[in-house]
S.K.: 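This is the structure, below, for whatever I ask next.
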Amino acid sequence: MPNDFFQVGGTLSENAPSYIERPADRALLTALEKGDLCLVLAPRQTGKSSLMVHTRRRLKVHGVQAGIVDFQALGNQQDADQWFGDVLYQVERSLPLETDSTAWWEAHQRLGPTQRFSKYLEDVVLAACSGQVVLFFDEIDSVLGLPFSDDFFTTLRALYNARSTNPTLQRLTFALFGVTTASSFIQDRSRTPFNIGKEIALTDFDRTATEPFTKVLGPESDALVDRIFYWTNGQPLLVQKLAAEAAAWPEEERTAERIDEAVQHDYLDRKIEQDTHLKFIQDYLLDTTIPVRKTLKTYQQVLTGQQVPVDEKSPIQNRLRLAGIVRAENKRLAPRNRIYARIFDRKWVQEHTPRYTYKLVVYSTSSVMILLIIALGYAVVQQKQNEALRRTVTDMFYEKKQQDLTIAQLLLELDESENDSLRERLAQIQTARDESARRYDGLVEELGIYRRLTEEEQHIYDIARIFNESQVDMPASFVAEVKRYIRETWLTHRGRSTFQTSIRRAQDNNYIEFIVRTFQDHGLPPQFIYLALQESNFDIEATGWFVHPMFGRAKGMWQFIPETARRYGLFVPELNQNAAVVVPEDERHDFEKSTVAIAEYFQEIYVTMTQASGLLAMASYNWGEHRVFRQLNQLSGLENIDVADTPETLRARTYWNFLTQFEEQMPDQTKEYVLKIFAAAVIGEDPRRYGFDFDNPLKPYLEASQGKAE
């Protein structure tokens with residue numbers, strides 16, 4: 001057996017005997033021959049560079065010229081002119097070209113770096129090369145920290161898109177390799193994302209494709225190779241390392257038991273810091289520029305066998321996958337292999353999960369100054385990135401809100417007229433809305449607004465989003481008020497008793513499922529259910545204590561006044577309509593009919609007036625929709641804009657904006673009304689956290705409806 005058969009780490013040469021082909025080999029070759037721009041984005045030491053080298057060799061056999069640029073070799077060059085020139089030098093050397101890229105670069109100084117880069121590829125590379133040309137860009141993540149990284153990726157996108165109008169560029173394509181995601185390529189959210197490219201999935205080794213290993217390790221090595229895969233699950237570096245170690249043993253010692261001993265000695269008994277591969281995984285997971293706590297929390301769920309559905313747009317899941325510590329299995333996340341799971345175990349997670357505690361540390365004055373200077377520089381860069389991301393998060397929120405409004409509008413139209421085309425459009429919008437919600441959640445997570453929140457504050461932000469108010473724009477004063485109302489309204493002796501008794505009444509009478517389903521059928525947040533808690537404690541026979549001289553007495557679970565009840569189809573007898581008694585004929589006391597009526601009421605004002613703002617809808621019900629409507633038409637800058645002109649009004653018609661402009665006009669009773677319902681919804685997310693003896697009363701029905709939708 002040649003001593004160099006196995007190679008532990010590094011890029012395998014074109015003719016390396018231990019190279020194992022995977023589905024990615026065929027997929028990448030096929031895509032590049034078709035001219036697709038390809039993305040091979042995977043964890044470190046999984047064979048990306050080896051795949052690149054072997055694909056380059058096969059392309060040459062097929063008559064395709066291919067060059068390689070290693071971005072890591074360029075270092076941390078901060079000058080765009082120098083950096084792009086160095087890239088072209090690597091292109092020139094690797095193709096190879098009989099040109100002088102340095103002289104050409106200097107001769108075209110009148111053009112900016114990106115224009116020169118594009119011109120060189122078209123005028124020099126494609127002119128010198130006949131047929132198709134592929135440029136492999138390796139270690140693409142090394143570009144991300146450069147001040148001109150966005151310019152580089154937008155240039156690649158422009159070259160690719162220009163192929164539709166420039167036939168010459170159709171001969172040129174690119175393959176990008178690295179430890180990152182395509183969404184990270186362009187940081188400036190005001191630019192179009194890097195939305196091109198075919199992603200090539202780089203899976204681990206398949207046990208059935210390891211015939212070269214079996215031949216070298218001996219005819220009786222099946223059990224040995226099985227044991228290697230038992231521990232590694234095909235992770236390329238670990239497979240090569242254990243196989244190389246086994247090949248050095250006498251043939252009679254190549255046993256499964258000896259593999260177990262090697263794993264124990266080489267990995268399980270060693271400190272993470274002693275192995276560069278394991279240290280990379282640890283450093284990547286504990287990078288303080290990411291939400292470490294949430295990342296480790298998700299990983300712990302995977303470790304403990306909880307069902308974590310794969311979400312390719314989740315920044316947290318992407319981090320775990322790129323660390324190489326998890327894999328997708330049957331659309332769920334699973335530990336990558338037994339070695340990683342034993343090293344990065346639950347104890348490791350507990351030890352490294354941030355506790356958000358602060359320690360008193362004494363530094364010398366000079367050290368403090370140095371740290372402050374470094375921190376200030378970092379803060380400036382971070383602030384710019386956060387501002388751009390915050391704008392993107394806000395844009396995405398209102399895109400999602402527009403879709404919520406459209407769904408409610410379509411449902412309202414379907415109530416009036418059954419129409420198959422409307423139903424098809426509704427299904428399309430709902431699918432798009434779900435996708436927007438996933439993207440929005442990922443961006444919120446990336447922005448990190450939850451990072452330093454308490455669990456209670458996280459629930460407050462979640463409820464704001466459910467009621468279609470922007471978490472990013474929510475005033476800190478509102479958060480403080482909600483927390484106060486939780487304590488002073490619902491957690492007093494009387495408030496706690498009311499909350500407990502009311503929820504039990506709703507559960508015992510099977511009210512909750514019908515209310516949740518009815519609100520969902522009308523395109524409304526199911527958490528509107530807590531309005532019934534505030535109005536009547538879920539008592540269908542409730543009668544209001546006050547008879548308004550103009551509007552009469554409110555009755556029923558939803559406390560309809562006579563005029564509004566009739567407007568939404570409820571029968572209210574003239575006789576005794578305002579008496580403090582329950583009249584059987586009064587349909588305000590009919591649970592199902594009155595619940596449908598309240599859903600129709602909210603649906604109408606949700607669609608036509610409050611622009612999908614749940615909190616404005618609540619305020620309307622307490623203060624009167626006509627009063628709120630008049631105030632909405634007086635919002636600064638929107639006095640002459642039609643309420644139905646959604647794009648121009650959506651951002652302005654928010655509860656936060658309304659409260660800021662009309663706080664003095666809005667009665668304290670209305671402000672308290674909204675806060676009490678909002679606070680009740682927060683408690684409802686996790687009642688046991690507040691000392692109640694039941695779980696989220698809505699959860700079983702929300703999960704059931706979600707499962708049905710899926």
S.K.: What pair of heavy atoms forms the shortest contact from Asp590 to Ile540, and how long is it?
M.R.: C-CD1, 4.1 Å

S.K.: So, taking the atom named CZ in Phe560 and the one named CD1 in Ile598, what distance separates them when rounded to the nearest 0.5 Å?
M.R.: 3.5 Å

S.K.: Going from CG on Asn657 to CZ on Phe662, what distance comes out if it is rounded to the nearest 0.5 angstrom?
M.R.: 8.0 Å

S.K.: Could you go step by step and tell me if Glu513 and Lys699 meet the salt bridge (charged side-chain N to carboxylate O under 4.0 Å, His left out) rule?
M.R.: CA-CA 10 Å; Glu513 181 178 10; Lys699 186 176 181 180; over 6 Å; no

S.K.: Please say which of Arg588, Glu563, Arg566 ends up in a side chain to side chain donor-acceptor pair (under 3.5 Å) with Gln577.
M.R.: Arg566

S.K.: Is there a donor in the side chain of Glu587 and an acceptor in the side chain of Ser594, or the other way round, less than 3.5 Å apart?
M.R.: no

S.K.: Can the ring centroids of Phe538 and Tyr511 be said to lie less than 6.0 angstrom from one another?
M.R.: no

S.K.: Under the rule for side chain to side chain contact (heavy atoms under 4.5 Å, CB included), what residues qualify as partners of Asp473, not counting sequence neighbours?
M.R.: Thr394, Tyr398, Ser470, Trp656

S.K.: Answer yes or no for Arg319 and Tyr284: cation-pi contact, defined as NZ/CZ to six-membered ring centre under 6.0 Å and angle to ring axis within 45°.
M.R.: yes

S.K.: I need the Lys483 NZ to Leu675 CG distance, nearest 0.5 Å.
M.R.: 14.0 Å

S.K.: Identify the heavy atoms of Trp623 and Thr670 that sit nearest to each other, and give their distance.
M.R.: CB-OG1, 3.5 Å

S.K.: Taking the six-membered ring for Trp, are Phe528 and Phe467 closer than 6.0 Å centroid to centroid?
M.R.: yes

S.K.: Can you see whether Tyr230 has Arg338 sitting over its ring - NZ or CZ less than 6.0 Å from the centre and within 45° of the normal?
M.R.: yes

S.K.: For Arg336 and Pro43, which heavy atoms make the closest approach, and how far apart are they?
M.R.: NH1-CG, 4.1 Å

S.K.: Is it true that a side-chain atom of Arg332 and a backbone atom of Gln307 form a donor plus acceptor pair closer than 3.5 Å?
M.R.: no

S.K.: Could you grab the distance from atom CD1 of Ile325 to atom OG1 of Thr295, nearest 0.5 Å is fine?
M.R.: 11.0 Å

S.K.: Should the pair Arg496 and Phe692 be classed as cation-pi, given the thresholds of under 6.0 Å to the six-membered ring centre and 45° from the axis?
M.R.: yes

S.K.: Give the intermediate values and the outcome of side chain to side chain donor-acceptor pair (under 3.5 Å) for residues Gln520 and Tyr701.
M.R.: CA-CA 11 Å; Gln520 288 179 324; Tyr701 311 109; over 6 Å; no

S.K.: Hey, are Tyr450 and Gln471 close enough side-chain-wise for a donor-acceptor pair under 3.5 Å?
M.R.: yes

S.K.: Given side chains that start at C-beta, do those of Asp441 and Arg438 come closer than 4.5 Å, heavy atoms only?
M.R.: no

S.K.: Quick one: which of Tyr485, Phe478, Tyr530 gives a ring-ring contact (aromatic ring centres under 6.0 Å, His included) with Phe678?
M.R.: Phe478

S.K.: Please evaluate residues Lys671 and Asp668 with respect to the criterion salt bridge (charged side-chain N to carboxylate O under 4.0 Å, His left out), reporting the C-alpha separation (whole Å), side-chain torsions for both, the decisive distance (0.1 Å), and the verdict.
M.R.: CA-CA 5 Å; Lys671 298 173 195 170; Asp668 289 341; 3.6 Å; yes

S.K.: Please report the closest heavy-atom contact between His522 and Glu600, naming both atoms and the distance.
M.R.: NE2-CG, 3.7 Å

S.K.: Quick one: do Tyr440 and Glu435 satisfy side chain to side chain donor-acceptor pair (under 3.5 Å)? Show the steps, please.
M.R.: CA-CA 9 Å; Tyr440 173 74; Glu435 176 61 23; over 6 Å; no

S.K.: What are the two closest heavy atoms between Ala532 and Met557, and how far apart are they?
M.R.: CB-CG, 3.8 Å

S.K.: Let me confirm one number: the CZ-CD distance from Phe344 to Gln282, rounded to the nearest 0.5 Å.
M.R.: 6.0 Å

S.K.: Less than 4.5 Å apart, any side-chain heavy atom of Asn578 and any of Pro562?
M.R.: yes

S.K.: Kindly indicate, with the supporting measurements, whether the criterion ring-ring contact (aromatic ring centres under 6.0 Å, His included) is fulfilled by Phe602 and Tyr621.
M.R.: CA-CA 8 Å; Phe602 275 116; Tyr621 195 63; 5.6 Å; yes

S.K.: Which heavy atom of Thr454 sits nearest a heavy atom of Glu457, and at what distance?
M.R.: N-OE1, 2.9 Å

S.K.: Under 3.5 Å, is there a donor-acceptor pair linking the side chains of Asn318 and Glu312?
M.R.: no

S.K.: Once side chain to side chain contact (heavy atoms under 4.5 Å, CB included) is applied, do any residues pair with Ile429, and if so which ones, sequence neighbours excluded?
M.R.: Gln403, Thr406, Ile407, Leu410, Arg425

S.K.: Suppose we screen for salt bridge (charged side-chain N to carboxylate O under 4.0 Å, His left out). Which residues come up paired with Asp695, at least two apart in sequence or across chains?
M.R.: Arg688

S.K.: Are Gln507 and Arg504 close enough that a side-chain donor and a side-chain acceptor fall under 3.5 Å?
M.R.: yes

S.K.: For Tyr601, does its backbone N or O pair with a side-chain atom of Glu604 as donor and acceptor, under 3.5 Å?
M.R.: no

